[in-house]
Each structure stands twice: as structure tokens, then as C-alpha cells.
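Letters A, B, ... mirror the listed sequences (proteins, then strands); counts begin at 1.
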Amino acid sequence: MDSPWLACSDRIYRLLLRAYPASFRARFAAETAQVFRTLCCATYAESGGHGLAWLWLAALWDWAWTGVTLWGQHLLKRRTNMTQTNFLNRSDGVKPLSAAETWMALLPFLGFGLVSLVNKLDVLKISSLPLWQILIIEPFLLFNWLVLIGLFISLLKGFPRWGYAYLGWAILFGWWWSDMRFFGYKIGGGIWLPLLGVVVLALLLRRSIQPLRTLLSGLWQEWTLLSFAVYILYAHVFMLYDENHNPYLLALVIATTLTLGLGVWGYFRSGSPLRRMLALSGALALQMVIGFINGATWDYRTYYGVSHGTPENDTRIAIIFFIVLSLIMLANGLLAAWWSKRQDARQA
Amino acid sequence: MTLPDKLRKRLPLSPAAFCTLLALKDGNKHGYTILRQVAEQSDGAVRLLPGTLYNLLKRMLEDGWIEELDERPDPALDDERRRYYRLTALGEKVASLEAERLASLLRTAQNHGIHIVGEER
């Protein structure tokens with residue numbers, strides 16, 4: 001190829017071929033460029049620069065039309081693949097927990113429901129007890145100790161996936177109680193010390209920071225844990241039924257605990273991020289219905305003498321809140337499924 | 001559904017696809033030779049350019065109408081990056097069904113008294 005025009009033409013055509021789908025380029029780009037180069041040489045030898053110019057005009061049209069059809073085939077094939085491998089079932093590489101492990105993840109949720117129930121019943125009459133006894137048997141504090149024990153065991157076991165449930169509740173509890181007054185005492189940042197102690201002790205006993213690495217890498221691999229963290233926050237708010245004096249309160253606490261527990265079960269038993277998010281959103285939808293039953297059976301406005309707002313407004317806010325939260329969760333699931341699909345394609 | 005019935009569903013072929021199959025019927029060829037032969041056998045009516053040609057070859061390979069030869073040309077005699085293609089039995093069947101379809105159309109035209117330009121009455 002003597003002419004600089006031919007060399008330049010070859011370079012430009014190779015650049016143009018980069019616009020084609022990667023799968024086509026990997027297999028055919030070199031051949032396509034080679035045939036074009038041979039064609040250019042033959043045309044230039046026969047008709048000179050004038051012939052080359054005409055060839056280029058035709059080649060540009062051919063390049064554009066081929067690009068459109070190739071991308072069309074590529075995208076349609078992708079869509080077919082997506083229907084065949086249902087996007088809802090697409091795994092993000094997260095292994096679903098066994099039934100026994102899922103029970104471990106479920107325990108803090110059921111525990112908090114139980115603690116909330118005991119607190120509502122006020123059977124312990126703890127206000128009459130000395131402080132050291134209160135610190136041991138106060139239902140919520142007791143719950144925190146149990147959560148820390150669960151976290152400790154999970155760290156000792158190398159931090160299996162159910163450990164995130166305990167970690168989530170431990171962090172939530174620390175955040176909740178650090179700003180609380182307890183029988184006249186301001187708890188403050190001291191509430192974090194037991195959590196820190198548990199982590200350090202477990203790592204010392206293991207003589208390895210591997211559980212910590214597993215914890216952090218798990219957060220990166222399983223993006224839906226962010227939604228799970230938000231779910232724990234709302235599970236806590238819903239199960240607490242703070243300042244609620246509904247005559248059917250105990251039934252509501254039990255129903256909420258079981259409903260939210262169902263969401264956790266679905267979350268940990270699925271390998272698909274979308275299914276996991278649907279499990280959490282579904283549980284929140286059921287919780288919204290329980291919330292409506294609560295509103296229909298107890299008028300907090302009359303009870304507390306609240307004059308602003310209407311029950312219709314409350315319903316609207318609850319529905320909007322649920323939709324926004326569900327959309328965020330589903331977006332998280334979709335993002336995780338998309339990312340996993342992208343990783344698979346890259347590996348292929 | 002029989003194999004010919006399944007293949008008939010893929011018809012009619014585009015002139016470019018049909019000419020490519022015919023070019024390969026004459027023997028194993030690489031891309032540039034296919035391109036030249038298609039132009040020659042159609043008297044310049046079908047002129048393929050590299051993009052269209054390799055898009056066709058890609059689809060034909062996927063459908064099993066043609067296959068790529070394992071052997072590479074001798075670097076002393078030919079560019080070793082060239083790949084050679086061969087018509088498969090399935091590809092030949094498709095070409096034959098398309099030819100049959102075209103012949104049937106031609107007969108229909110003749111039965112209607114259509115004179116084919118270039119042929120003696």
C-alpha cells in the first residue's frame with residue numbers, strides 16, 4: 001500500500017469499525033478492514049483517487065446501514081436473552097441462606113417484636129427496681145445484649161450473611177439510645193462501647209481481621225444490604241408502636257412482627273436482588289395495611305387532642321411514603337441485577 | 001414441520017445472500033473473493049461492500065449455512081489473516097429452495113405471457 005491516501009483510508013475505516021458491537025468487532029473487524037483495504041487497493045489501481053472517493057461514499061453508506069442492522073440484532077438478541085433468563089430471577093451471585101441460617105437472621109426481628117410486646121404489657125414493673133437490675137432486665141437493653149451476642153457469634157464464625165441482621169440492629173440501637181435519657185441518666189456515646197468491645201473481642205479471639213473483611217466485601221457485593229438497613233430502621237419504628245394506645249395494640253404488634261419477619265425471610269432466602277427487594281417492599285405494603293387498620297380502630301387525634309390534619313391526609317401520606325420507599329428499594333434491586341448482568345457480560 | 005418447511009420460512013433471500021451462497025457453491029472462498037465473485041456472477045447488479053458482506057457471513061455462520069475452515073492459507077502464498085468459508089449441506093439446501101422459488105416465480109411470469117428480456121421468443 002504505497003499511497004498515503006490508502007494508508008489514511010485504512011486507518012479511518014478501522015476507526016469507523018469501532019462503532020460496531022464488540023461481539024462483531026472481536027470476530028470480524030480485522031477481516032472486514034482487510035477486505036476493505038484490498039478493495040481500496042484494487043479500486044485505486046483501476047480508477048485512481050476518483051474511484052477511491054466513490055468507493056468511500058458507498059462504503060460510508062454501507063458502514064452506517066450495517067451498523068444499524070448489527071446494533072438492531074445485538075439489542076434484540078439481548079432482549080430475547082433477558083426474556084429467557086427472567087430478569088426477576090437474575091442472581092447477583094449472593095447465595096441464599098439455608099432455613100436454619102435464615103432463622104438466625106430472623107431472630108433479632110422476632111426478638112424486637114417480643115420486647116416491644118413485653119414493654120407494652122409492662123409486666124416487669126422495672127421502675128421500682130435498682131439501677132443495676134434495670135440495666136440487666138430492661139427489655140430493650142436486654143434485646144441489645146442479645147443482639148450483641150448474636151453479632152459476636154457471627155464474627156467468631158467468620159461473619160456469615162445472617163450477621164448483617166445483628167450488625168444492623170446493633171448500629172440502630174446505638175444510634176437510638178445514644179440520644180436517650182434513661183432514668184435520669186444521659187447515655188450518650190457510651191452506648192457504642194459494648195458494640196466496639198464485641199467486635200474487638202471477636203477479632204482477638206479469631207486472631208484475624210477476616211470477619212471484618214468479609215463484612216466489608218459483602219457490603220460491596222450485595223448492594224441490596226443498603227435497602228435492608230433502611231428496612232431495619234422502619235421495622236424498628238413500626239414494631240415499637242411508640243405512644244400508641246390502640247385497644248388492639250398487642251394484636252397489631254404481633255401482626256407487624258410476623259409481617260416484617262416474612263419480608264426478612266424472603267430477603268435472605270433469595271439469590272435474586274429483585275426478588276429480595278420485592279420481599280421487603282411486599283412486607284412494607286402489608287405493614288401499610290396494618291397501619292390503616294390501626295388508624296381505623298384508634299383515633300390518635302381525639303386521644304391526644306390533635307386538631308390539624310385529617311385521616312384522609314394520613315392515608316395519603318402513608319401511601320406516598322410506601323411508594324417512594326418501594327421505588328427506592330426496587331431501584332436498588334434493579335441496579336444490583338443490572339450490575340451483575342454487566343459483570344457476567346464482561347466475564348463472557 | 002419438516003426441514004424444507006422450516007427453511008422455506010427463511011425465504012425469500014436477499015439477492016446479496018443468495019449470490020453469496022452461490023459464490024460459495026463454487027468452492028471455499030475468503031471474503032474478498034466472495035465479494036468479487038458476487039459482482040461477477042450478477043453482472044455487477046449485486047455489489048457487496050465489506051460491512052454488508054460480513055454481516056451476511058456472520059448470520060450465515062450463526063444459522064449453520066456456512067462454516068469457517070480451520071486451515072489458514074500459507075503465509076507465503078496468501079495473507080494468513082484471511083479466513084476461508086465453506087457452504088454446508090444446510091446452506092446448499094437453502095440455496096436450492098430459493099432457486100426453486102425463483103424458478104417457480106419465473107414460470108408464473110412466463111405463464112402470464114411475460115417476455116424475459118434477453119431470452120429468445
For the residue pair [X] and [Y], establish whether any side-chain heavy-atom pair is separated by less than 4.5 Å.
X	Y	answer
A:Glu31	B:Leu57	no
A:Phe28	B:Leu61	yes
B:Arg82	A:Gln34	yes

With A:Asp62, the side chain to side chain contact (heavy atoms under 4.5 Å, CB included) member among B:Leu53, B:Asn55, B:Leu49 |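 The option that passes is B:Leu49.
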Going from CZ on B:Arg36 to OG1 on A:Thr38, what distance comes out if it is rounded to the nearest 0.5 angstrom?
->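 Here the rounded value is 10.0 Å.
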If you round to the nearest 0.5 Å, how far is CZ of A:Arg27 from CD of B:Glu68?
->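 Reported value, rounded in 0.5 Å steps: 4.0 Å.
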Structural part of A:Ala30 lying under 4.5 Å from a heavy atom of chain B =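 Nothing of A:Ala30, per the 4.5 Å heavy-atom cut-off to chain B.
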Heavy-atom distances under 4.5 Å only: say whether A:Leu17 touches chain B with side chain, backbone, both or neither.
->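 It is neither, since no heavy atom gets under 4.5 Å.
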For residues B:Pro50 and A:Leu39, report the shortest heavy-atom separation together with the two atoms involved.
->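 Minimum heavy-atom separation between B:Pro50 and A:Leu39: CD-CD2, 4.1 Å.
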Please report the closest heavy-atom contact between B:Gly51 and A:Thr32, naming both atoms and the distance.
->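 It is N-CG2, 4.1 Å.
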B:Arg59 CZ: over 12 foreign heavy atoms closer than 6.0 Å =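 Correct, the count exceeds 12.
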Above 12 or not: heavy atoms from other molecules or residues under 6.0 Å from CH2 of A:Trp71?
->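 Count over threshold, so yes.
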